[in-house]
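Worksheet: the structure to be examined is printed underneath.
Because only heavy atoms are used, hydrogens play no part in the values below, and waters and symmetry mates are left out as well, while side chains stay in.
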Amino acid sequence: MEVMVKGKDDKTAASEYYDLYLSIRKALREGKMEISDAEAYLAYKELLLTKKAKQLAQEMIKHIKE
């Protein structure tokens, strides 16, 4: 029996990664997370993104205003 896994569309996946990125940045500023943990978790989550979703997320992150 074949099972088809329905994945998220690229825009949704990129948006979720972007939200995660922002929350990790906040946790780092507040001292609630170590930078090595943040880098490792973001790298893991990035591996789960498609090429298009990764590009969309990078564009969103690039346009963050402090």
Side-chain angles (χ1 to χ4, degrees):
M1 174 179 13
E2 269 187 52
V3 177
M4 191 152 184
V5 177
K6 185 173 180 171
K8 299 175 188 169
D9 64 73
D10 292 334
K11 190 173 182 179
T12 301
S15 180
E16 288 177 1
Y17 181 84
Y18 176 75
D19 292 340
L20 174 66
Y21 178 84
L22 291 178
S23 65
I24 287 177
R25 275 180 55 156
K26 182 179 178 187
L28 286 169
R29 271 189 242 118
E30 295 172 352
K32 294 180 179 178
M33 183 178 233
E34 294 291 325
I35 194 153
S36 59
D37 294 335
E39 288 173 342
Y41 190 61
L42 285 173
Y44 165 73
K45 293 301 268 187
E46 190 175 313
L47 288 174
L48 301 176
L49 297 175
T50 64
K51 186 176 182 179
K52 179 68 177 168
K54 191 182 302 185
Q55 290 172 340
L56 288 170
Q58 289 171 347
E59 282 298 314
M60 293 167 75
I61 290 168
K62 189 167 65 171
H63 292 96
I64 292 175
K65 298 194 177 171
E66 293 294 323

Do Y21 and L56 sit in the same hydrophobic cluster, where Ile, Leu, Val, Met, Phe, Trp and Tyr count as joined when their side-chain heavy atoms come under 4.5 Å apart? no
With clusters defined by side-chain heavy atoms of hydrophobic residues (ILVMFWY) lying less than 4.5 Å apart, directly or transitively, does L47 cluster with L49? no
Apply side chain to side chain contact (heavy atoms under 4.5 Å, CB included) to I64 and L22, showing your working. CA-CA 9 Å; I64 292 175; L22 291 178; 3.7 Å; yes
Quick one: are E16 and T12 in side-chain contact, heavy atoms under 4.5 Å? yes
Closest heavy-atom pair, E59 versus H63, reported as atoms and distance to 0.1 Å, is O-ND1, 2.6 Å
Go through Y17 and L48 one step at a time and tell me if the side chain to side chain contact (heavy atoms under 4.5 Å, CB included) criterion holds. CA-CA 10 Å; Y17 181 84; L48 301 176; over 6 Å; no
Please check if atom CD in E34 has more than 12 non-hydrogen atoms from other residues, nucleotides or ligands closer than 6.0 Å. no
Among the clusters formed by ILVMFWY side chains lying less than 4.5 Å apart, do I61 and I24 turn up in the same one? yes
Kindly give the heavy-atom pair with the smallest separation between L20 and K45, and that separation in Å. CD2-CG, 3.6 Å
I need the minimum non-hydrogen distance between A13 and A53, along with the two atoms involved. CB-CB, 4.2 Å
If you round to the nearest 0.5 Å, how far is CG of L28 from CD of E39? 8.5 Å
Identify the two heavy atoms, one from A38 and one from M33, that lie closest to each other, and give their separation to 0.1 Å. CB-SD, 3.8 Å
Nearest 0.5 angstrom please: K26 NZ to R29 CZ, how far? 9.0 Å
